[in-house]
Amino acid sequence: MDTIKEIIQTLHNAGDAEIAKHSSRFFKSGPGEYGEGDKFLGIRVPVIRQFAKQFKCSDLETLSALLDSDWHEVRLLALVILSEQFKKASPPVRDDIFAFYLAHTDRINNWDLVDCSAHIIVGGHLVEADKTILYTLADSISLWERRIAMMATFTFIRANQLEDTIKLAELLLKDKEDLIHKMCGWMLREMGKRDVQRLKAFLDKHIQTMPRTMLRYAIEKLPKEERQDYLTR
DNA sequence: GTCCACTCAGTAAAGCACAT
DNA sequence: ATGTGCTTTACTGAGTGGAC
């Protein structure tokens with residue numbers, strides 16, 4: 001209990017009103033925006049990472065309390081600590097962290113929170129396991145769970161497992177959210193760095209229905225002539 | 001020799017402004 | 001509506017140099 005209060009107080013002390021204002025706009029916390037209602041203390045990520053080292057031994061109960069916070073950076077801290085713990089954990093502890101993560105996805109509710117953790121915890125856990133759960137996440141009504149699913153494949157790509165990026169991108173082709181188009185395009189581009197033929201096969205198949213943003217992100221690393229070709233088809 | 005801190009270049013995210 | 005490129009922030013890896 002004291003620990004939780006101590007951590008939250010530490011973060012409050014580190015906050016900066018100007019940065020908070022900027023973050024609030026950047027992460028779209030206004031009415032009707034994707035981060036509606038989120039509150040910011042105004043702390044830069046490297047500073048959060050320093051605090052994560054300081055509080056790295058926090059147990060899951062503590063991290064759960066931190067994730068409950070209305071303050072964005074308090075949730076970010078919890079996810080950074082959790083991700084660092086996962087990297088160093090034994091297989092059974094990894095199982096626990098993975099389960100904990102999936103049980104708290106309602107608190108992982110902005111793109112930076114997803115992007116700092118999903119590939120490490122979800123990707124790290126599933127890279128050598130059955131990946132069925134990803135397809136449940138990709139089918140979620142939650143924008144963030146869908147983003148978690150795609151972000152997880154970043155770890156697969158680095159392990160040269162490219163299949164799930166393709167399958168998830170196909171499932172998410174008709175997604176309405178720009179943040180999903182961007183994420184899918186990003187992962188397709190990363191996948192293309194490993195196997196450009198597979199990327200082109202995907203593009204040839206879906207060029208007519210792909211969201212424009214997904215396409216533009218995906219082709220970013222192709223030679224200019226090929227990029228032009230895909231954009232004008 | 002090892003470790004840590006630092007700098008630098010390259011790359012990435014999202015948002016955004018501007019041109020077409 | 002679409003394409004391009006800029007801005008801000010952050011991470012990574014390589015290289016450097018000092019402390020021990």
Side-chain angles (χ1 to χ4, degrees), chain A residues 14-36 38 40-54 56 72-73 75-77 79-84 86-87 108-124 143-144 146-159 165 169 172 175-194 196 199 203 206-233:
Chain A
D16 176 279
E18 277 303 308
I19 297 173
K21 207 170 140 188
H22 180 265
S23 296
S24 189
R25 281 191 54 178
F26 189 63
F27 291 106
K28 300 289 166 188
S29 68
E33 296 182 308
Y34 60 70
E36 181 169 359
D38 209 355
F40 292 83
L41 293 165
I43 308 172
R44 301 244 189 261
V45 172
V47 178
I48 292 292
R49 293 197 178 278
Q50 281 303 117
F51 286 136
K53 286 177 188 165
Q54 185 179 338
K56 64 180 179 185
H72 186 97
E73 290 91 337
R75 303 199 303 283
L76 176 60
L77 175 72
L79 291 166
V80 172
I81 293 172
L82 198 64
S83 298
E84 291 305 309
F86 183 92
K87 289 182 191 170
I108 307 168
N109 55 2
N110 213 316
W111 59 264
D112 66 317
L113 303 179
V114 173
D115 294 5
C116 79
S117 59
H119 59 305
I120 297 170
I121 295 172
V122 179
L143 153 66
W144 308 118
R146 301 199 301 279
R147 188 161 170 123
I148 285 168
M150 197 41 138
M151 187 70 204
T153 72
F154 201 10
T155 299
F156 308 163
I157 293 168
R158 285 169 170 166
T165 305
L172 294 167
D175 206 286
K176 290 185 169 52
E177 293 287 348
D178 190 49
L179 282 173
I180 297 297
H181 303 165
K182 288 173 172 173
M183 170 55 76
C184 289
W186 175 19
M187 288 305 123
L188 286 169
R189 186 209 308 145
E190 294 297 327
M191 194 269 301
K193 290 179 185 174
R194 300 276 173 163
V196 73
L199 171 60
L203 296 173
H206 298 296
I207 187 104
Q208 301 302 332
T209 53
M210 276 178 86
R212 209 62 184 168
T213 301
M214 193 190 296
L215 173 64
R216 279 195 289 108
Y217 274 50
I219 62 176
E220 200 178 303
K221 293 297 172 187
L222 297 180
K224 193 176 176 79
E225 316 81 64
E226 293 182 26
R227 241 177 21 228
Q228 277 305 318
D229 179 44
Y230 280 116
L231 285 173
T232 50
R233 272 197 224 174

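Hydrogens, waters and symmetry mates are skipped; everything else that's a heavy atom, side chains included, is used. Quick caveat, the model's predicted, so the values are computed rather than measured.
Taking atom NZ of residue A:K21 and atom C1' of nucleotide C:dT8, one finds them 17 Å apart after rounding to whole Å. At whole-Å resolution of the value, NZ in A:K193 and P in B:dT11 are 8 Å apart. Per the geometry, OH belonging to A:Y230 stands 16 Å off P belonging to C:dT4, to the nearest Å. A straight line from CG of A:D112 to C1' of C:dA10 spans 11 Å, rounded to a whole angstrom. A:M214 has its CE atom 14 Å from the P atom of C:dT2, to the nearest Å. Summarising the geometry, the separation between NE2 on A:H119 and C1' on C:dA10 is reported as 12 Å, rounded to the nearest angstrom. Atom CE of A:M191 is separated from atom P of B:dA12 by 15 Å (rounded to the nearest Å). Following rounding to the nearest Å, A:M150 (CE) and B:dA12 (P) show an atom-to-atom distance of 16 Å.
Using a 4.0 Å heavy-atom cutoff across all strands shown, A:Y34 reaches sugar-phosphate atoms only and no base atom.
For A:Q228 and C:dT4, the shortest distance from a side-chain N or O to OP1 or OP2 is below 4.0 Å. For A:K28 and B:dC16, the shortest distance from a side-chain N or O to OP1 or OP2 is below 4.0 Å. At the phosphate of B:dA12, neither OP1 nor OP2 sits under 4.0 Å from any side-chain N or O atom of A:K182. Side-chain nitrogen and oxygen atoms of A:R147 include at least one within less than 4.0 Å of the OP1 or OP2 phosphate oxygen of B:dA14. Under 4.0 angstrom from either OP1 or OP2 of B:dA13 there lies no side-chain N or O belonging to A:Y217. Within the structure, a side-chain polar atom (N or O) of A:R216 is placed less than 4.0 Å from OP1 or OP2 of C:dG3. Between A:W186 and B:dA13 there is a side-chain N or O to OP1 or OP2 distance below 4.0 Å. In this model, the phosphate group of C:dT9 is approached by a side-chain N or O of A:R44 to a distance below 4.0 Å at OP1 or OP2. Phosphate proximity of B:dA13 to A:R189: present, with a side-chain N or O under 4.0 Å from OP1 or OP2. Side-chain nitrogen and oxygen atoms of A:R49 include none within less than 4.0 Å of the OP1 or OP2 phosphate oxygen of C:dA10.
Between the side chains of A:S29 and A:S24, at least one donor N or O sits under 3.5 Å from an acceptor N or O.
Closest to the A:H22 side chain, of the nucleotides C:dC11, B:dA13, C:dT9, is C:dT9. Among C:dC11, B:dA12, B:dG15, the nucleotide with an atom closest to any side-chain atom of A:L179 is B:dG15.
Classified by interplanar angle (parallel below 30°, tilted 30° to 60°, perpendicular above 60°), the ring pair A:F154/A:H119 is tilted. Below 30°, between 30° and 60°, or above 60°: for A:W111 and A:F27 the angle between ring planes is between 30° and 60°, a tilted geometry.
When atom types are taken as modelled, the side chain of A:E73 and the backbone of A:L41 share a donor-acceptor pair closer than 3.5 angstrom.
With respect to the salt-bridge test (charged N to carboxylate O, under 4.0 angstrom), the residues A:D115 and A:R147 qualify. In this structure, A:D16 does not pair ionically with A:K21, as no charged nitrogen and carboxylate oxygen lie closer than 4.0 Å.
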